[in-house]
Amino acid sequence: MIEMKQVFKKYPGGSKALQGLNVSIAQGEFVYVVGPSGAGKSTFIKMLYAEERASAGKVLVNQVDVTKLSARKVPFLRRQLGVVFQDYKLLPKKSVYENVAYALEVIEKDQKFIKQRVTEVLKLVGLATKAKRFPHELSGGEQQRVAIARAIVNQPKIVIADEPTGNLDPTTTWEVMKVLEAINAQGTTVIMATHNREVVDGMRHRVVRIEKGRIVSDRAGGDYDGY
Amino acid sequence: MIEMKQVFKKYPGGSKALQGLNVSIAQGEFVYVVGPSGAGKSTFIKMLYAEERASAGKVLVNQVDVTKLSARKVPFLRRQLGVVFQDYKLLPKKSVYENVAYALEVIEKDQKFIKQRVTEVLKLVGLATKAKRFPHELSGGEQQRVAIARAIVNQPKIVIADEPTGNLDPTTTWEVMKVLEAINAQGTTVIMATHNREVVDGMRHRVVRIEKGRIVSDRAGGDYDGY
Amino acid sequence: MMAIKTWIRHLRDSFISIWRNRWMSLASVGAVTVTLLLVGVFVALILNVNKIASDFEKDVEVKVLIDTTMKETKALALAQKVKKLPDVAEVRYSSKEDELQKVIDDFGEDLSLVDQENPLHNVLYVKATEPQKTADVARQIDALKGTSEVLYGKGKIDKFFQMVDTTRTIGLVFIVALVLMAVFLISNTIKLTIAARQHEIEIMKLVGATNNYVRVPFMLEGMWLGLFGAVLPIIAVAAGYMSLYERLSPIVQNEVFSFLEPTNFLLRLSVILLAMGVVIGIFGSAMSIRKYLAVK
Amino acid sequence: MMAIKTWIRHLRDSFISIWRNRWMSLASVGAVTVTLLLVGVFVALILNVNKIASDFEKDVEVKVLIDTTMKETKALALAQKVKKLPDVAEVRYSSKEDELQKVIDDFGEDLSLVDQENPLHNVLYVKATEPQKTADVARQIDALKGTSEVLYGKGKIDKFFQMVDTTRTIGLVFIVALVLMAVFLISNTIKLTIAARQHEIEIMKLVGATNNYVRVPFMLEGMWLGLFGAVLPIIAVAAGYMSLYERLSPIVQNEVFSFLEPTNFLLRLSVILLAMGVVIGIFGSAMSIRKYLAVK
Ligand SMILES: Nc1ncnc2c1ncn2[C@@H]1O[C@H](COP(=O)(O)OP(=O)(O)OP(=O)(O)O)[C@@H](O)[C@H]1O
Ligand SMILES: Nc1ncnc2c1ncn2[C@@H]1O[C@H](COP(=O)(O)OP(=O)(O)OP(=O)(O)O)[C@@H](O)[C@H]1O
Ligand SMILES: [Mg+2]
Ligand SMILES: [Mg+2]
């Protein structure tokens, strides 16, 4: 389903974020990506939806090599994925509702369906009453939950979340994790970069640890520190 | 030092973020502010440096009522505080070095002093090698540490940090906490909104819990859940 | 190609976006308005100057002095003959008495006191179909019997034609330059408003929008900005021109020139201004957005 | 008030900012360039048209027909007398032979064949110090002995003066309108570039910068944008005007009008363009930034 082979990424500035990363993730898996700040977790994730292109190596998503994907086809790759960005990336001039709806509008869903589905997802993340707010009128955690809602709204086969609980209190974190568990139980692949030891240790799944651009440990049902 | 009396905050949209908040923090204290997402922690903090003005009540910082402070005097209030914003608020067109230096430039420090002090602080947060990078060329946790460096660079009497470790791994979190402990030991007041149970429980200080815009518990040396 | 519901969405988004960015929208519309006003006013001015220059040019005529020996009836026959020559547009006969009156008008009454026979010729004034053919016509007439002299100010007229031509060329250069400047200013403004929204465009692409899906609402927005920006200039230029035309036309009605007739002229000018606003709005948006659409 | 090191910092920041926002800076400079070019070219044009109109106006003269009985020497004495009248600037004597030659030039040789005494008058051509005093002067001369008739085209001249005045007024209106438009377009562009950086301004304020500390680099930046934007128009207008002046002046050197002499005129125009760029740049920035400086 997802496979990376000897992936290197060197940013224009010169920093080597990925240095020969190999990993393979099957459909339906739930994978935590952990590691120190600046280890390359976000870069690894950005490879998958082509926000950044690999300097060398192969990145296969659903049998397609993302590194060779033409610019025209990138949007169609992204529609198969739901991404929670580390910095949320909400559209500042669109309301909460519109932000979430946008992901369905680009795939030309019907207005009626959009309305129903967006309302449903907003309820799921506890923001039903804030649909008409604009991002700058929300608390940090609320913004983060909008980003999560947008990522899952079109029921993608793969959900990629970069530090999706950094601004959430333990209770809300737990609710969001239950949502991710639920969609994973329905067969969705979930890849989640996180620093939250409590989550990783409390809800056991495969843990991939990245350090200095390389995978240093990878074990199913492991804990945050790699045991 | 810091005192709030019956503070209410109603945002233009109509949401009531603070509903009669009373608190008093002495010089040199270390206070965690905890509570669920959307409880009003950031709003509480924004009152202190006048990013938002209270709808009613008194906010005293160093004997000055912030709610009545004229626009001209606000910058001088802010110079006495070091603030880590929840969304970092780094200047996108300034390098890491320049972002941190800016807080010293506005108080018209000498170039030589600035250079020495900024270098020192960047080393403290582990970013000495990334001084010339721009914010968008940093990882999430690196950006967060730049924000922390900027907040402490002018050795303010009060440091206010809104969720300063949300994007940091446990190790880096621990290093940052040690920095905050150290400046607190030197007599600086530290007020920190956080969701990190590990931190709150592991490094005991006064814990103020906000829920629905009110303080629901306030105990010295308490743990995250208010015991 | 694109579903109707998608078009409706784009249309809705373009309006919402103009409203939510109303501060910037207003600035853009303002810039378009001022620029098109400039274009409208100067184009109207320049085209009228050109028209007037051409009117003067068309007024150039050949003066044919008829043999003093020729009788008036024969002279009129000659006029008919001249009229039939190729490239001759108009022939006007002026008797020697008329001519004397002119001399008197110009040089004082004392000439009329001269108590002798009128020494002047009967005269034909001839206009060529095109001013540039004046010299040709003069030569042909000179070859006819009964003409004692053919005057048309040789060198002077060439110089005059040259001046009119220069005026016209300069006018056209000005119009082209103005239009180019307008294109630059308007698309530049639109570029700035779009640059300010670069971040939004990137996000749209990151959540799976195709280039077209991102581009269309921006292009529609550019279209509206151009359209709204064209309205005021059109009204102002039309109203201003009509009022000036009505005030100035009576004053110059006995002169050899006249101003461009408003109805037709204003209609065309309005269409041009509107088209400029809309086209530059659409393409300005499309161009400016391109660099932000490139996938990294 | 502000320390020198702070000024140096602001200066440095303004340059750095222009460079880091080079894309927007270029767009702004481009807009300023085009706008000032427009102003420069049209101001040069309009001022020359006004100059030419005035030249024509100054060419208006009174034609005094001297009694045929008066001898030439006496006529010259009369000329001296007229010269001393108030408001008279210039007196030119033209003998009746000269006058006859003119008639012949205008109406064909046949008049010269008239084998009788020249029926024309000796003539004085008189210019008033100011064209508007022509009527006065004419009246005074009429009162003198020895003048048989004083011609100055009464109604016609008034109409001509009126036309010249209208031209001049329209010219001034155009210049004022152009300048206002330029002010709007330039400050509008600067407004857009600053609006795009609203977020930065807010952050600066949040970390303790005073309004002035935030404002000054932006104002300096505006100044540079205006300054850089004025360079090209100044060069283009100066070079263009000088080359046109050199090419056209010989052609019109025998006419009653001439163009504005370049040295002085261009110097002033350049100063004006530069001042416009710089002043609008500075104040445009200062104005646009104001609303983002308001503390919440
Ligand atoms: N656009 C960029 N240009 C240059 N260097 C970059 C860029 N983005 C990231 N980097 C660098 O690449 C390295 C890996 O960054 P990445 O964002 O992948 O880290 P991360 O593991 O997500 O860290 P965090 O937990 O702090 O978010 C870091 O050292 C960072 O400074
Ligand atoms: N600018 C605003 N306009 C309207 N409502 C706002 C605005 N900012 C915050 N709010 C609302 O006020 C409430 C408190 O917000 P605040 O940011 O203080 O929460 P918080 O405790 O910091 O939450 P988090 O932990 O998620 O950051 C929330 O319900 C939020 O939606
Ligand atoms: Mg990251
Ligand atoms: Mg908050």
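Naming: A, B, ... by sequence-line order, numbering from 1 per chain.
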Quick check: are there more than 12 heavy atoms from other residues, nucleotides or ligands sitting under 6.0 Å from NZ of D/Lys291?
->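 Yes, the 6.0 Å shell around NZ holds more than 12 heavy atoms from other groups.
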Going through the checks in order, is the side-chain contact (heavy atoms from CB on, under 4.5 Å) test met by B/Lys93 and D/Arg197?
-> CA-CA 10 Å; B/Lys93 301 279 172 160; D/Arg197 291 163 65 190; 5.8 Å; no
For [X], is it the side chain, the backbone, both, or neither that has a heavy atom closer than 4.5 Å to a heavy atom of chain D?
X: B/Lys109; value: backbone
X: B/Asn154; value: neither
X: B/Gln111; value: both
X: B/Leu90; value: backbone

Identify the residues of residues 13-50 of chain D whose heavy atoms come closer than 4.5 Å to a heavy atom of chain B, ordered by number, or report 'none'.
->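 So far as heavy atoms go, D/Asp13, D/Ile16, D/Arg20, D/Asn21 are the residues that approach chain B to under 4.5 Å.
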From D/Lys5 atom NZ to B/Asp110 atom CG, the distance as rounded to the nearest 0.5 Å |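 The NZ atom of D/Lys5 sits 4.5 Å away from the CG atom of B/Asp110.
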To the nearest 0.5 Å, tell me how far B/Tyr49 OH sits from D/Leu206 CG.
->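 One finds 6.0 Å between OH of B/Tyr49 and CG of D/Leu206.
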Is B/Arg78 reaching over with its side chain to a backbone N or O of D/Lys205, donor-acceptor style, under 3.5 angstrom?
->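 Between the backbone of D/Lys205 and the side chain of B/Arg78 there is a qualifying donor-acceptor contact (under 3.5 Å).
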Would you mind reporting whether D/Ile203 and B/Lys94 have side-chain heavy atoms less than 4.5 Å apart?
->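 In short, these two side chains do not touch, never coming nearer than 4.5 Å.
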Nearest heavy atoms of D/Arg9 and B/Glu108, plus distance in Å |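 Nearest pair, atom of D/Arg9 first, then B/Glu108: NH1-CA, 3.9 Å.
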What pair of heavy atoms forms the shortest contact from D/Gly208 to B/Pro75, and how long is it?
->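 Nearest pair, atom of D/Gly208 first, then B/Pro75: O-CB, 3.7 Å.
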Go through the atoms of D/Thr210 and report whether side chain, backbone, both or neither lie under 4.5 Å from a heavy atom of chain B.
->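 It is both, since atoms from each part get that close.
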List the steps and the verdict of salt bridge (Lys or Arg N to Asp or Glu O under 4.0 Å) for B/Lys89 and D/Glu200.
-> CA-CA 9 Å; B/Lys89 295 203 192 292; D/Glu200 283 177 60; over 6 Å; no
